[in-house]
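Each chain gets a letter, A, B and so on, in the order the sequences are listed, and its residues count up from 1.
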Amino acid sequence: MKNRKNAISPTRNEDYPEWYQEVIKAADLAENSPVRGCMVIKPWGFSIWENIKKELDKRFKETGHQNAYFPLFIPKSFLEKEAEHVEGFAKECAVVTHHRLEKGKDGGLVPAGELEEPLVVRPTSETIIGAMFSKWVQSYRDLPLLINQWANIVRWEMRTRMFLRTTEFLWQEGHTVHATEKEAMEETLKMLNVYADFMESDMAMPVIKGRKTESEKFPGADITYSVEAMMQDRKALQSGTSHYLGQNFAKASDIKFLDRDEKLKYAYTTSWGVSTRLVGGLIMVHGDDDGLVLPPKLSPLHVVILPVLPNNKFKNKVFEHCDRIKKQLSKIIYNNSPLKVFVDKSEIPGGRKKWDWVKKGVPIRIEIGPKEIEKDEVTVSRRDTPAQENSSLKTGKFIKNAPTLLTSIQNSLYDNALRLLKYNTKEIKSKEDFYDFFTPRNIEKPEIHGGFVLAYFKEDEEIEKKIQEDLNVSIRCIPLEEENNKEEGKCLFTGKPTRQKVIFGKAY
RNA sequence: CGGGGCGUAGCGCAGCCCGGUUAGCGCGCCUGCUUCGGGAGCAGGAGGUCGGUGGUUCAAAUCCACUCGCCCCGACCA
C-alpha cells in the first residue's frame, strides 16, 4: 500500500479485464446490483452519461429530430411481425406474463392474473414505434418523420460486463420514416456521421465508419453501418450503429403514404442508436494505471481545487481563497458553458484526497495552500500526465488559460487514441501473417496482442465462421473510406480478385 | 449454456488438503493523542449466521451432496 506507484492494480498489461473492473470501482462509476446482470450507475458514472446525452441530444435536435417516448412493453405479436427481427431477438427477451401477485401457500407471493397476450420488455422499439408511425404517416406531407427516444431496454444476455453488456441498459434510439430510398439512405449515413463526429470531438475517441457484413447486421435491416473504436487492449468496440431498414419494417407495421402521384406506397425507415456502452469505451480508450481519464468535454468536473492545510489555523483563509478562485473560474466559458469547478473541503488526508480525484479522472487538479496564496500562484496538475507532475502558475494566468489547457488535454487524449489505432492497424496480405497477428505468444495467459487488420476480402460466410472459431476474430466493418478506393486486390484467404477491403478484429 | 476460477468483516485475502480453544491478517471505518505540502504514526474500538440448504460427526469455515451468486474464456450480442 505504501510506495505504491499507481492507483489501480492490476495494471492494464497485467490483466486488462480485471483492470477495467477496478477502474469502475475506483472511480465510483457503478456497481453490481442484486439483480443479476443489471448494474447500478452511481452519480459520477451517471453524470458522464448525462453529458454524453446532452451533447448528442443537441446534435439530434440540430439535425431536425424530436424526442418522444414509447412504451416499455411490446405485445408479443408485434415482435412476430418481421421474420428476421424475431429471430434476432427472440432468444434474449424478458417476458411479462402476469399482472398481479397473490399470497402463496408458504407466505411468499406468487404471480396471478395471467395476461391474455404476453408482453415483451423492449429489446429495441422498431415494432411498437412502427405501429404508431403507421397511424402518423398518411401523406408524403407527413414525411420525413424524424423521432428519437431516450430509454432503457432489456436484452437477456448470458454474460454481462459493466457498461459494455448488461441486461438492462440505457440508450437512445432514433427512428425515422422517409418517402424514398435515397432520403432514408442519406439519413442513415447522416446519423452515422453525427455519431462519428461526437465520438471524435467530444469523447476524443477516433472511430472507423463502415458497413457491417451480412452476418453482422441488425436483424431486419437491409444495411447496417457502425462506428468501431479500438480499445487499449486493441479489441474493437462497436460504439454506435445506424440501420437502413428499407421497407422491411414499413411492410411489417404497415407504414404507407399517399404520394404526389396519388399512389399508395410503403415508406422507407431507419433506426440508429448508441448506449451506455459508450461509458465503457471512454474507460477503455483513455483510462490509465491510475484510473479513469476523462476528456474535458464530457467530464462532470473540469477543475477540482484541493486546499492544502499544513496547519488547521490556515483553514478559513485557504478555504476562502479557494472559494474565490472557484468563483472566478466559474465565469470562464469552455465548450459553450461555464467551467465546472469543485472545492474539495472534505476532511480526509490531503494525499488520499488527491488520489481519489486522480482515480475519478478529473482533467485538472489545482492545489492551493498558504504558499500559493502568498505568491498568488496555483499548483496545477493535468490528468493526462503522471500524477506526481505539477507546475506552478500565477493565479490570473491559470484562470485565463484554463480553457486552453482543457483543449490541450482534450487534443492530447485524441492524439494518443489515434496513435493507438494507427499503430495497431496493419495491412496484411497472407493467411499465415493473419493467423500470426491474432495469436498471442503466451497461450496460457494471453498478453495484449493483435489489433485491426485491413485486408482485401471477398465476402464468404464459411471463412468468417472459421476465423471466428480459430481466433475469435470477426469482420468489424467494411470501411467507408475503402469503398471509394476502387483499386482491385486479392482476397487474403482465397486469392480471388476483389475491390473490397475490410477490417478484422477481436470484438467486445 | 459449455470450460476454468472464486465466494470467510465495507474491500483485498489467510485458514480448508490433515475437522477440535473466544475465526485471523492488511486496507478502510470509529475514538483519542501525535503529525501536517500529504496516499501519515501510535493506542484503543466497532464490525462476521465463514454464499445458502441439507447430510456425515461428540464436534464442520474445514468432509460429502445439492443449490445460488460473482469473475475469466467460449457461443451470442450495443
J.: Just checking A:Thr241: base, sugar-phosphate only, or nothing, at a heavy-atom cut-off of under 4.0 Å?
T.: nothing
J.: Throw together a table of side-chain donor-acceptor distances under 3.5 angstrom for residues 312-322 of chain A, partners on residues two or more places apart or in other chains.
T.:
unit_1: A:His321; atom_1: ND1; unit_2: A:Arg324; atom_2: NH2; d: 3.4

J.: If you define the side chain from C-beta out and look only at heavy atoms, does anything of A:Arg277 sit under 4.5 Å from A:Phe169?
T.: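 Side-chain contact under 4.5 Å: no.
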J.: I'd like a list of close polar pairs between nucleotides 31-38 of chain B and the protein, N/O only, cut-off under 3.5 Å.
T.:
unit_1: B:rC36; atom_1: O2'; unit_2: A:Pro310; atom_2: O; d: 2.3
unit_1: B:rG37; atom_1: O6; unit_2: A:Pro370; atom_2: N; d: 3.4
unit_1: B:rG37; atom_1: O6; unit_2: A:Lys371; atom_2: N; d: 2.5
unit_1: B:rG37; atom_1: O6; unit_2: A:Glu372; atom_2: OE1; d: 3.3
unit_1: B:rG37; atom_1: N1; unit_2: A:Glu372; atom_2: OE1; d: 2.4
unit_1: B:rG37; atom_1: N1; unit_2: A:Glu372; atom_2: OE2; d: 3.1
unit_1: B:rG37; atom_1: N2; unit_2: A:Glu372; atom_2: OE1; d: 3.2
unit_1: B:rG37; atom_1: N2; unit_2: A:Glu372; atom_2: OE2; d: 2.4
unit_1: B:rG38; atom_1: O6; unit_2: A:Glu367; atom_2: OE1; d: 2.1

J.: On a whole-Å scale, what distance lies between the P atoms belonging to B:rG19 and B:rC58?
T.: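 Going atom to atom, P in each nucleotide, I get 15 Å.
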J.: Name the pairing partner of B:rG24, where a pair is Watson-Crick or G-U wobble with both distances under 3.5 Å, or state none.
T.: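 WC or wobble partner is B:rC13.
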J.: Kindly write out the residues that satisfy side-chain hydrogen bond (donor to acceptor under 3.5 Å, both in side chains) with A:Lys53, not counting sequence neighbours, or none if the list is empty.
T.: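 Not a single residue meets the side-chain hydrogen bond (donor to acceptor under 3.5 Å, both in side chains) criterion with A:Lys53.
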J.: Does B:rA65 have a Watson-Crick or wobble partner in any strand here, with both distances under 3.5 angstrom, and which is it?
T.: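 Answer to the pairing question: B:rU53, which forms a Watson-Crick or G-U pair with B:rA65.
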J.: If the sugar-phosphate is the primed atoms plus P, OP1 and OP2 and the base is the rest, what is the B/S/- string for nucleotides 67-72 of chain B, using protein heavy atoms under 4.0 Å?
T.: --SSSS
J.: What distance, rounded to whole Å, do you find between the two C1' atoms, one in B:rG45 and one in B:rC6?
T.: 32 Å
J.: So which pairs with a foot in residues 269-288 of chain A pass ring-ring contact (aromatic ring centres under 6.0 Å, His included), sequence neighbours left out?
T.: A:Phe60-A:Trp272, A:His65-A:Trp272
J.: Return each pair, listed once, that meets ring-ring contact (aromatic ring centres under 6.0 Å, His included) where at least one residue sits in residues 208-236 of chain A; pairs must be two or more places apart or across chains.
T.: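 As it turns out, the ring-ring contact (aromatic ring centres under 6.0 Å, His included) pairs with a partner in residues 208-236 of chain A, which skip direct neighbours, are A:His85-A:Phe218, A:Phe89-A:Phe218, A:Phe218-A:His243.
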J.: Which value, in whole Å, describes the distance between the C1' atoms of nucleotides B:rG5 and B:rA23?
T.: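 25 Å, rounded to whole Å.
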J.: Watson-Crick or G-U wobble partner for B:rG47, using a 3.5 Å limit on both distances?
T.: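 Here B:rG47 is not engaged in any pair, so there is no nucleotide opposite it.
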J.: Just jot down the side-chain hydrogen bond (donor to acceptor under 3.5 Å, both in side chains) partners of A:Trp171, sequence neighbours excluded, or say none.
T.: A:Glu173
J.: Can a side-chain donor-acceptor contact be found between A:Thr270 and A:Thr176 if the only test is distance below 3.5 angstrom?
T.: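 Looking only at side-chain atoms, A:Thr270 and A:Thr176 do form a donor-acceptor pair, the distance falling under 3.5 Å.
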J.: For B:rU57 versus B:rA65, give the span between their C1' atoms, rounded off to a whole number of Å.
T.: 16 Å
J.: Verify the ring-centre separation between A:Phe434 and A:Phe438: is it less than 6.0 angstrom?
T.: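 Yes: the rings meet the under 6.0 Å criterion.
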J.: Give A:Thr166 one of three labels, base, sugar-phosphate or nothing, depending on what nucleic acid heavy atoms sit under 4.0 Å from its own.
T.: base
J.: Find which nucleotide of RNA chain B each of A:Leu471 and A:Glu22 is nearest to by heavy atoms, and output the residue with the more 5' nucleotide.
T.: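 Going by which nucleotide is closer to the 5' end, it is A:Glu22.
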J.: Nearest-Å distance, CD (A:Gln238) to C1' (B:rC77)?
T.: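 In whole Å, B:rC77 C1' lies 9 Å from A:Gln238 CD.
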J.: Which nucleotide, in any strand shown, forms a Watson-Crick or G-U wobble pair with B:rG32, with both distances under 3.5 Å?
T.: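 Base-paired to B:rC42.
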J.: Provide the distance between the two P atoms, one in B:rU8 and one in B:rG51, to the nearest whole Å.
T.: 6 Å
J.: If you look only at pairs with a residue in residues 6-17 of chain A, which of them pass as a salt bridge (Lys or Arg N to Asp or Glu O under 4.0 Å), with sequence neighbours excluded?
T.: A:Arg12-A:Asp289
J.: In whole angstrom, give me the gap between the C1' atoms of B:rG3 and B:rA59.
T.: 38 Å
J.: Tell me whether A:Glu22 is salt-bridged to A:Lys359, with the criterion being a basic N under 4.0 Å from an acidic carboxylate O.
T.: no
J.: When you compare the ring of A:Trp171 with the six-membered ring of B:rA78's base, are the centres less than 5.5 Å apart and the planes under 30° from each other?
T.: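 Taking the rule of under 5.5 Å and under 30°, the ring of A:Trp171 does not stack on B:rA78.
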J.: Using the C1' atom as the reference point in each nucleotide, state the distance between B:rG74 and B:rC27 in Å, no decimals.
T.: 36 Å
J.: Rounding to an integer number of Å, can you tell me how far A:Tyr508 OH sits from B:rC76 P?
T.: 18 Å
J.: Could you check which of B:rG39, B:rG74, B:rC77 has an atom nearest any side-chain atom of A:Arg165?
T.: B:rC77
J.: Which base sits across from B:rA78 as a Watson-Crick or G-U pair, both distances under 3.5 Å?
T.: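 B:rA78 is paired with nothing.
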J.: Pairs in or reaching into residues 86-96 of chain A: which pass side-chain hydrogen bond (donor to acceptor under 3.5 Å, both in side chains), with residues at least two apart or in two chains?
T.: none
J.: Would you indicate what A:Leu164 reaches in the nucleic acid, counting non-hydrogen atoms under 4.0 angstrom: base, sugar-phosphate, or nothing?
T.: base
J.: Rounding to an integer number of angstrom, what distance separates B:rC64 and B:rG44 when you compare their P atoms?
T.: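 Looking at atom P only, B:rC64 and B:rG44 are 40 Å apart.
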